[in-house]
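What follows is a set of notes on a single structure, which appears directly below.
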Amino acid sequence: MSTEENPAAAPRSLAEALRGRDDVSLAALLRSRPDLITPVPTDLTQLATRAGTRASVVRALERLDRFTLQTAQALAVAADPASYEELLGLLAGDDGDPVVSAALPHALGGLREQALVWGGDDRLRLVRTARELLAPSPQHPSPTGLGPTVREATAGMSPGRIQEIVTTVGLPSTHDSVSAVTALTALFDDPARMSALLDEAPAESLEVLERLVWGPPYGQVTADPAPRLRWLLDRGLLLPTAPGTVVLPREVALRLRAGRAHRTPEPLPPPVEAAAAHRPQVVDATAAGQAYTALSTVEELLKDWHEGGPAVLRAGGLSVRDLKRTAVALDVTEPVAAFWVELAYGAGLLASDGEADERYAATPAYDEWRERPAAERWARLVTAWLAATRTPGLVGGRDAKDRTLSALGPGLDRSAAPEVRHRVLTLLAGLPEGAAPAPESVLARLRWERPPRGGGRGSAGAGTGDGEDLRARIARWTLSEAEMLGITGRGALSAHGRALIGAPAARRAEAEPEGPGDKLPVHHRPAPAPAPPSSAEQATAAAAAARLLAPLLPEPLDHVLLQADLTAVAPGPLERPLADMLGVLADVESKGGATVYRFTPGSVRRALDAGRTASDLQAFLTAHSRTPVPQPLAYLIDDVARRHGHLRVGAASAYVRCDDDAVLSEILADKRAAGLGLRRLAPTVLAAQAGPAGLLEGLRAMGFAPAAESAEGDVVIARADAHRTPPRTPPAPVPDGPPVPDDTLLAAALRAVRAGDLASLAPRKPAAGGDRGRGELPRTTAAETLATVQAAVLTGEALWIGYVNAEGGASQRVIAPVRVEGGFVTAYDHTADEVRTYPLHRITGVAELADDES
């Protein structure tokens, strides 16, 4: 039975409307507005109160799509309460727009689901806080462009002036201002009479109305208005609101707009358009190549920092100079370098070492990551990217205090980033395979799903400088970053990219929405954007993506091609041991389809410093080269090895020892050794004022090849990956409000709210001292409390108690006492739906429940 047929059944408040919902509907509310159960409300009255708070309403409004928000804005300028027909007229206009008519039930259902609108179709009410936020006022114009009603605009006008307006428009004079305003409003609401009045208007006056009709509705006038303005003022088509200011009344504007609250209702989301189409195989191959390049870039970055990277700024982060050096080393631009640095940091592969002279370095997790198959390494990177709230695109910008935002520094977290990234990829998944989107169409769709709020009253983004503009920038960055990571290829989403975001499920969410919107075309239905997946779901999707990517990645090679010009060519990616050893033995000269390594005396010495011998190096090259080891390379290795370790450097501050005293004499005679502070201790030993590291560098600069030795006289082996940070956890994303509750939490919260509501509404017998307000705790003496509880144990009756917990929080509960002993009462708590034990001294009082007369 509808509320029209049974007015008594119409809810009188939001709490009553929530009380009439089933558990499925309440669960949908709590899922769409998770802040309402943080903490879990005690009953439905408290839930309704929380749903009407300003912070919660603002948050809910910011998550509405454009047409649902337009529906709420139309309700804010409609009568309170409004009928469904009145709301439809404001959105569809006098002529009726069939697309708007088809989309309105879906939008209104969304507002009802989120408890922003309540009541039947004959009495629709917008939550009071939402009405205050969306209704027009001189300080905060409505997005509809409408002004105040005639009643609101004439509130401060003299009764005589109102009667003059009524008489001028041809209405009979009245005895009071209220009836005069009512008559004037009825005139403006009547299309026929309004048309007749406007037919009499001068052309210049109609031009004034046309300038104000779509807003802003306010204008300035002089003390002596022009005739075109005077004609409008005399008939109430313009009403004064302050000295020198006039306004176009809402009723007049709606008649001029043919009943529409918005100039352009947008019931349908703009489609994402394809800008180009490629064969899916080409897209997947291109994306796989980019994925492998991403892995190589991250490895190259951390290899460059393997002995300790740049210093950490005092305020945190990477200096501009170090970012430039990193960009040069990676052969990319600085914004791209910032992205790779942040990606490695977000994946837990890079962190600060925490030393006194704090520097960035690879973490132990990096060594574990390098041993994984390539597809799994890629999956870890993209999973971290999808979930990260740190936004590398902000690097180089300014924060609210006009401080530069640096890579790896504070202030880069934006809680909207994961949602925007996931939504952009989901929209790409909605295109045919191989289709690359037009970026502007993606941005237009996102703006429809989350309209800009910048500068709006109650806008959470107002004053932050980010707002919707940040979301658009994150979307642009997502498109470019997804290409660099190999999620997309040539702008189109790859097969492994679709698996990464669970594309089939995402398409079903868009193609099969439930509710009145089903009448719209499939690709135009305003279905809600699916929420990003949970961490477990994302891990499963990433594993599926890795399985699809693995066959597309090049197989690592176990060989190189040695050339006579002291170079080696790697025609593809190398196996890990080969790549590591070659990275120590030679320097990378060029990269591309094939990598060229060059052998130099310094690179060979580096390998010898790492504990290798000349014979080891010769055997290694022979085993991994498809060509014979060139004679110049063999000579180079033998020559460097013959001189390597001939000199020994230790700590005195430092010393040099050599079996050949002539070599030591040569060093002492060299002017370049003056800065080392050398002196002879023995024929084969020199002492130095410089430290061991400085002495090693100085002697090497002079053309010698010294080796460091330990206190026991053994050669110290310098490993390339020696410097690692202590174990570090990746940076945690900054949540965008409370997380969406899972089914278990929702079920528990609903049980608690239902039980609390049942307890709060349970009929109670009047207290001995007279009736007590429903929200007031019962008060009885300790003796009365004990006696009543003991009696209830014998009779099995339920009691209403007031209880104060250890933190001082007061609550009302309905309990069925089971036993009383030791100053405690054990009872079944109907409010919590479980057996609990309560200290008697914390019970403020008890009252018996009234008999159920039903």
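This is a predicted model, so every value here is computed, not measured. Note that the numbering runs from 1 along the sequence shown for the chain.
Side-chain contact between Pro81 and Leu124 is absent, with no heavy-atom pair separated by less than 4.5 Å. Contact of the Val424 side chain with the Val420 side chain is registered, since non-hydrogen atoms from C-beta on lie closer than 4.5 Å. Looking at Arg450 and Arg471, their side chains come closer than 4.5 Å, going by heavy atoms from C-beta outward. The closest side-chain heavy-atom distance from Ile37 to Pro741 is below 4.5 Å. The closest side-chain heavy-atom distance from Tyr828 to Pro817 is not below 4.5 Å. Between Leu30 and Leu47 there is a side-chain heavy-atom pair separated by less than 4.5 Å. Side chains of Leu91 and Gln73 form no contact here, defined as non-hydrogen atoms less than 4.5 Å apart. Between Thr45 and Arg19 there is a side-chain heavy-atom pair separated by less than 4.5 Å.
The pair Asp43-Arg754 does not meet the salt-bridge criterion, since no charged nitrogen lies less than 4.0 angstrom from a carboxylate oxygen. Salt bridge Glu449/Arg63: absent, no basic N to carboxylate O contact under 4.0 Å. Between Asp742 and Arg31 there is no salt bridge, since no side-chain nitrogen of the basic residue lies less than 4.0 Å from a carboxylate oxygen of the acidic one. For Arg125 and Asp80, the salt-bridge test passes: some basic side-chain N is under 4.0 Å from an acidic carboxylate O. Checked for salt-bridge contact, Glu132 and Arg54 miss the test: no charged N lies under 4.0 Å from a carboxylate O.
One distance of note links CG of Leu26 with CG of Leu44; it measures 6.0 Å at 0.5 Å rounding. With rounding to the nearest 0.5 Å, the separation of CD in Glu537 from CD1 in Ile501 is 13.0 Å. Distance check, rounded to the nearest 0.5 Å: OG1 of Thr389 to CD1 of Ile474 gives 10.0 Å. In this structure, the separation between CG on Leu108 and CD on Glu113 is 12.0 Å, given to the nearest 0.5 Å. The CG atom of Asp65 sits 9.5 Å away from atom CZ of Arg445, with the distance rounded to the nearest 0.5 Å. One distance of note links OH of Tyr803 with CG of Leu840; it measures 10.5 Å at 0.5 Å rounding.
The backbone N or O of Arg12 lies less than 3.5 Å from a partner atom in the side chain of Glu16, making a donor-acceptor pair. Between the side chain of Arg421 and the main chain of Ala475, no donor-acceptor pair closer than 3.5 Å is present. Between the side chain of Arg414 and the backbone N or O of Gly411 there is at least one donor-acceptor pair closer than 3.5 Å. In this structure, Thr53 contributes its side chain and Thr49 its backbone to no donor-acceptor pair below 3.5 Å. With hydrogens and angles ignored, the 3.5 Å screen pairs a side-chain donor or acceptor of Arg131 with a backbone N or O of Leu75. Judged by distance alone, the side chain of Arg260 and the main-chain N or O of Leu90 form no donor-acceptor pair under 3.5 Å. At distances below 3.5 Å, not a single donor-acceptor pair connects side-chain atoms of Ser25 with backbone N or O atoms of Arg21. Here the side chain of Arg836 pairs no donor or acceptor atom with the backbone of Asp829 at under 3.5 angstrom. With Thr68 contributing its side chain and Leu64 its backbone, the two residues share no donor-acceptor pair below 3.5 Å. A distance-only check finds no donor-acceptor pair linking the side chain of Trp477 to the backbone of Ala472 [under 3.5 Å].
Residues Leu750 and Ala27 come closest through the heavy atom pair CD1-CB, 4.0 Å. Nearest heavy-atom pair, Gly346 versus Ala384, reported as atom, atom and distance to 0.1 Å: O-CB, 3.8 Å. Residue Ala72 comes nearest to Leu111 through the heavy atom pair N-CD1, 3.9 Å, listed as atom of the first residue, atom of the second, then distance. Pro738 and Thr38 get closest at one heavy-atom pair: CB-OG1, 3.8 Å. Pairing each heavy atom of Trp118 with each of Ala17, the nearest pair is CB-CB, 3.9 Å. Between Gln46 and Pro41, the shortest heavy-atom distance links the atoms OE1-CA, 3.0 Å.
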>> Using side chain to side chain contact (heavy atoms under 4.5 Å, CB included), reason through Ile815 and Tyr838 one step at a time and then give a plain yes or no.
In response: CA-CA 10 Å; Ile815 65 171; Tyr838 297 101; 4.2 Å; yes
> Does the side chain to side chain contact (heavy atoms under 4.5 Å, CB included) test come out yes or no for Arg473 and Thr391, once each step is laid out?
Replying inline: CA-CA 10 Å; Arg473 286 187 288 156; Thr391 311; over 6 Å; no
>> Please determine whether salt bridge (Lys or Arg N to Asp or Glu O under 4.0 Å) holds for the pair Asp121 and Arg112, giving the CA-CA distance in whole Å, both sets of side-chain angles, and the decisive distance to 0.1 Å.
In response: CA-CA 11 Å; Asp121 284 353; Arg112 276 197 173 113; 2.8 Å; yes
>> I'd like to know whether Arg66 forms a side-chain hydrogen bond (donor to acceptor under 3.5 Å, both in side chains) with Gln70, so could you lay out the CA-CA distance, the side-chain angles of the two residues, the decisive distance to 0.1 Å, and finally the verdict.
In response: CA-CA 6 Å; Arg66 188 179 299 279; Gln70 287 181 333; over 6 Å; no
> Does the pair Val127 and Val117 meet the rule for a side chain to side chain contact (heavy atoms under 4.5 Å, CB included), with working shown?
Replying inline: CA-CA 6 Å; Val127 171; Val117 170; over 6 Å; no
> What do the steps show when you test Leu104 against Tyr84 for side chain to side chain contact (heavy atoms under 4.5 Å, CB included), and what is the final call?
Replying inline: CA-CA 10 Å; Leu104 181 56; Tyr84 183 86; 3.7 Å; yes
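For the residue pair Ser56 / Arg50, no side-chain donor-acceptor distance below 3.5 Å is found, with atom types taken as modelled. For the residue pair Asp122/Ser83, the side-chain donor-acceptor check at 3.5 Å is not satisfied. For Thr785 and Thr780, the side-chain atoms include at least one donor-acceptor pair closer than 3.5 Å.
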In residues 819-826, what donor-acceptor pairs under 3.5 Å come from side-chain atoms, sequence neighbours left out?
| unit_1 | atom_1 | unit_2 | atom_2 | d |
| --- | --- | --- | --- | --- |
| Arg819 | NE | Glu821 | OE2 | 3.4 |
| Thr826 | OG1 | Thr837 | OG1 | 3.3 |

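A 6.0 Å sphere centred on CZ of Arg842 holds more than 12 heavy atoms belonging to other residues, nucleotides or ligands.
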